[in-house]
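Contents: one structure, followed by commentary.
One-based numbering along the sequence shown. Just so you know, ligand 1 is whichever comes first in the structure, and atom 1 is the first atom listed for that ligand.
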Amino acid sequence: MSEINTYKYYVGGKFVASTSGNLIDIDCPYEQAIVGRVQAISKAEADLAIAATKKAQKDWADLDLFKRADLLNKWADQLETDAHEIAEIIMQEVGKTWNDAVKEVTRTAEFIRYTVQEYIHTNDTSMSGQNYPGGSKNKIAIIKRIPLGTVLAISPFNYPVNLSVAKIAPALISGNAVVFKPATQGAISAVKIIESFDKVGFPADILQLLTGKGSDIGDYVSEHEGIDMISFTGGATTGRHLSSFSTMKPMVLELGGKDPAIVCEDADIDKAVFEIMSGAFSYSGQRCTAIKRVLVNEAVADELVAKLKGEVEKLTVGMPIDNPVIVPLINKGSADYVEGLIADAIADGATLLAGNKREDNLIYPTLFDHVTPDMRLAWEEPFGPVLPIIRVSSDAQAIELANQSEYGLQASVFSRDFSRAAAIAEKIEAGSVQINGRTERGPDHFPFLGVKNSGMGVHGISRTIDAMTREKLLIINL
Ligand SMILES: O=C[C@H](O)COP(=O)(O)O
């Protein structure tokens with residue numbers, strides 16, 4: 001990282017420097033180094049970029065579907081060709097391990113191909129009038145899904161490639177144009193995937209990549225009258241803020257979580273330990289779907305706690321290039337926040353079993369037993385490698401604590417009795433409940449949603465296409 005590159009934004013099918021002359025340094029999470037600099041574009045530049053999508057979108061939607069499909073499939077191929085170059089930037093910019101960074105790019109190429117097929121196979125439907133009492137067979141509705149126009153895709157730092165393309169590909173295949181505003185930390189990864197996009201020969205102006213601080217252009221672009229739909233993944237505070245002012249714009253929000261793992265006394269404890277470890281600690285817990293609390297029945301708590309402690313002590317910790325489980329957090333602010341949660345839990349009397357060690361942004365995996373509902377750690381989302389264990393006396397208490405959270409993204413239930421697990425799952429307020437498995441978004445064609453402060457609307461390939469299109473009926477009266 002000796003030579004510092006400056007990356008341009010993308011508008012009109014070209015990479016250009018902002019006339020603002022303002023650049024943003026992107027710091028590496030794990031070294032005292034600048035990964036590169038991105039443009040801080042002006043509001044006037046955003047205006048021009050959004051305006052240009054309007055005509056481009058109409059032409060793009062008019063293009064034969066198989067031409068759109070062909071370009072998207074070529075982009076998927078190009079991403080695979082460029083995978084190592086992109087993964088290198090993901091690693092440097094957001095501190096993801098090398099293996100996970102490469103996996104993120106290949107997962108994304110698969111996502112594009114599936115999205116293309118999904119749209120092709122589910123595009124138009126029809127209904128006959130005679131299927132309603134008193135209706136006529138001479139009335140036939142052809143129900144098309146038409147694009148909403150220009151979709152604003154706002155992506156988070158933790159999946160700078162996958163969660164960007166998870167918005168861009170459904171938007172484009174269904175005939176929308178895209179204004180892509182990545183998280184600032186993640187913006188260079190965004191430039192890299194758009195470099196691949198650019199090589200394929202998409203028409204100009206159907207995708208504009210706008211870089212800049214959320215605080216400078218985020219609200220401006222979101223409120224912009226040229227934006228017809230917003231797809232956002234990020235923090236709950238920003239999500240609520242967006243939903244408060246973007247009146248009448250369809251919006252899908254994927255926000256935070258405090259996903260519980262409920263462990264019943266009849267659970268396969270080794271299986272539960274395996275799933276909890278991977279659910280809680282991969283990428284240092286910087287996943288909205290990470291397991292962020294364990295609610296264990298006190299009858300098996302000692303056994304579970306001892307096994308989790310043993311596994312936490314074995315976790316590999318280090319720098320992303322060496323592929324450990326635990327890597328430095330995204331920035332100092334995040335590490336400070338997690339450190340504060342740990343300090344408060346200790347002060348409030350939780351039992352520290354492992355961790356509580358920090359080197360710069362690297363927080364060692366930390367495990368607490370005897371966390372109680374009066375502690376911050378029972379409720380707040382760390383987005384870091386700290387896991388609280390709360391002991392419960394019954395399924396009912398586990399359900400009550402699970403539902404007291406402001407979040408409702410996912411939950412895991414571990415029991416050998418499927419009926420019991422399903423009964424618990426039924427009562428949990430969350431978008432998905434995993435039985436005997438870790439919380440996770442994939443596979444990517446599953447619907448993915450959160451309730452309460454975890455989100456609004458539904459992601460997942462077919463649902464994202466639905467959210468970015470609306471029905472239009474052509475009714476034929478014979
Ligand atoms: O951080 C939010 C992501 O949607 C989580 O995705 P994941 O479950 O594949 O890690």
Part of Glu254 with heavy atoms under 4.0 Å of ligand 1, whether side chain, backbone, both or neither: side chain
Donor-acceptor pair between Glu104 and Asn162 side chains, under 3.5 angstrom: no
Distance (rounded to the nearest 0.5 Å) between Phe368 CZ and Lys309 NZ: 13.0 Å
Under 4.0 Å to a heavy atom of Thr289 - the qualifying atoms of ligand 1, by number: 5 (C), 6 (O), 7 (P), 8 (O), 10 (O)
Closest protein heavy atom to atom 10 (O) of ligand 1, given as residue, atom name and distance to 0.1 Å: Tyr159 OH, 2.4 Å
Tyr283 and ligand 1 - part of the residue with a heavy-atom distance under 4.0 Å: neither
Heavy atom of the protein closest to atom 4 (O) of ligand 1 (residue, atom name, distance): Arg441 NE, 2.9 Å
Between Lys167 and Thr233, a side-chain donor and acceptor under 3.5 Å: yes
Thr372 side chain to Asp374 side chain, donor-acceptor N/O pair below 3.5 angstrom: yes
Interfacing atoms of ligand 1 (cut-off 4.0 Å, heavy-atom, Phe448): 4 (O)
Heavy-atom side-chain proximity of Val191 to Lys8 below 4.5 angstrom: no
Heteroatom distance test (Asn158, ligand 1): nitrogen or oxygen, under 3.5 angstrom: yes
Aromatic ring pairing Phe202/Trp60, orientation class (parallel under 30°, perpendicular over 60°, tilted between): tilted
Contact atoms of ligand 1, heavy-atom distance to Glu440 under 4.0 Å: 8 (O)
Within 45° cone and under 6.0 Å: Lys96 NZ/CZ vs Tyr159 ring: yes
Ligand 1 versus Arg438: contacting region, heavy-atom distance under 4.0 Å: neither
For Arg107, atoms of ligand 1 separated by under 4.0 Å from a heavy atom: 9 (O)
Ligand-residue contact atoms, ligand 1 with Cys288, heavy atoms, under 4.0 Å: 1 (O), 2 (C), 3 (C), 4 (O), 5 (C)
Short side-chain donor-acceptor distance under 3.5 Å, Arg113 and Asn73: no
